[in-house]
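Here's the structure, in structure tokens; my notes come after.
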Amino acid sequence: MAERTRIGDAGVVPAIKMITSDVDEARTMLGEHFYSNALEVLSPDPWTAAFDIASAGPITLGDLRFGADVRIEFGELGAYHVDVPFSGELAWRQGRGDPMVATTGRAAVFQPVGDTTLERWQGDCRLLAVKIDRGLLENELARLLDAPVGAPVRLGPELVTSRGAGATWLRLARMLAADAGEEHGLGRHPVLGRQLLESLVGGLLLVAPHNYRYALDNHRSGLAAPGAVRRAAEAMRADPARPFTIADLAQIADVSTRSLQDSFQRYLGTSPMTYLRELRLSLVHHQLREAEPGHYTVTEIAHRGGFVHLGRFAALYHRRYGESPSQTLRG
């Protein structure tokens, strides 16, 4: 599970507004508040972009439009992100996924990992951009489940916003974005603003498709994760470096190995050993960030975290955090 990430006590900060026809200014604005990017204007006609952006620490909301067709390459985002067109269309792709198109009724949903490209952001496409810190979303999921989250959350690539719960979530996001421009808006309140933002994150988890939906849906109906899952998860969290086998965990949980595997998949959306691996990665990531370069090596910290095969560890680490262990250690 990712490190603990919380929404600050200040609620939504005042919106930052910009109107520009300069490519460098637009690129810088997006880079400062969202992600580093390579921006290319595809239309030869004069254009004017308008950005209205507000943030609350681990959450950023943006009402954005360019006025010309553009193409933007972002690389890996490192955060969860939703783009909802108010008008026009947005053609995009991420990682090895198929090309997709976001419309006024179907939002684009991006993962933290996977190179991201907006192939064509139409000039008439005004959209709401919602950036959510990875750790914040995973921690909110753990709170909703009342259980630790092992495997990363894999949100589905699209969210229907034209009807049902998706439309309700969009109304909340639009309200928070619009409220950021109000001097005395409720989003600025240190308590209510934080609650509204938490509702935005929790609401996304409750309306979007993802690998924990079964667990969430059943937990909401009163079916909590069974004691066997809790006993195994608590043992792993208490001593993540211990060389557990599936048989060891089944014995701790007092169930068969098959039953334990089925229960983990059903309630936590992952297997026991994948849960353990992600737990170890999170532990090592935290220790690498806290360690002083020169006092510890990546090898020492990885071994202490339970990783024996350093090459495999480095590949897993880069896939999870988008950088090498040595880069994290150097800060």
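For the residue pair Thr116 / Gln94, a side-chain donor-acceptor distance below 3.5 Å is found, with atom types taken as modelled. With no hydrogens or angles considered, a side-chain donor-acceptor pair links Arg171 and Thr168 at under 3.5 Å.
Qualifying ring-ring contact (aromatic ring centres under 6.0 Å, His included) partners for Trp169, counting only residues two or more places apart in sequence or in other chains: none. For Thr245, the side-chain hydrogen bond (donor to acceptor under 3.5 Å, both in side chains) partners are Asp248, not counting sequence neighbours. For Asp115, there are no side-chain hydrogen bond (donor to acceptor under 3.5 Å, both in side chains) partners, not counting sequence neighbours.
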Show me the donor-acceptor pairs, under 3.5 Å and distance only, between side chains in residues 38-47 and residues at least two apart or in other chains.
unit_1 : atom_1 : unit_2 : atom_2 : d
Ser43  : OG     : Asp45  : N      : 3.3

Per-pair distances, 0.1 Å, donor-acceptor, side chain in residues 296-312, under 3.5 Å, sequence neighbours excluded:
unit_1 : atom_1 : unit_2 : atom_2 : d
Thr297 : OG1    : Glu300 : N      : 3.1
Glu300 : OE1    : Thr297 : N      : 3.0

Side chains of residues 81-90: which donor-acceptor partners sit under 3.5 Å, not counting sequence neighbours?
unit_1 : atom_1 : unit_2 : atom_2 : d
His81  : ND1    : Tyr35  : OH     : 2.7
His81  : NE2    : Asp83  : OD1    : 2.7
Ser87  : OG     : Asp124 : O      : 2.7
Ser87  : OG     : Arg126 : N      : 3.3

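The shortest side-chain heavy-atom distance between Pro157 and Met100 falls under the 4.5 Å cut-off. Between Met236 and Leu249, the closest side-chain pair of non-hydrogen atoms falls below 4.5 Å. Residues Thr328 and Val284 are not in side-chain contact: their nearest non-hydrogen atoms beyond the backbone lie 4.5 Å or more apart.
We find that Arg143 and Glu140 are joined by a salt bridge, their nearest charged nitrogen and carboxylate oxygen being less than 4.0 Å apart. Checked for salt-bridge contact, Arg134 and Glu76 miss the test: no charged N lies under 4.0 Å from a carboxylate O.
Not less than 6.0 angstrom separates the ring centroid of Tyr212 from the ring centroid of Tyr267.
The shortest non-hydrogen separation linking Leu61 to Phe34 is C-CZ, 4.4 Å.
Atom CD1 of Ile19 sits about 8.0 Å away from atom OG1 of Thr48, to the nearest 0.5 Å.
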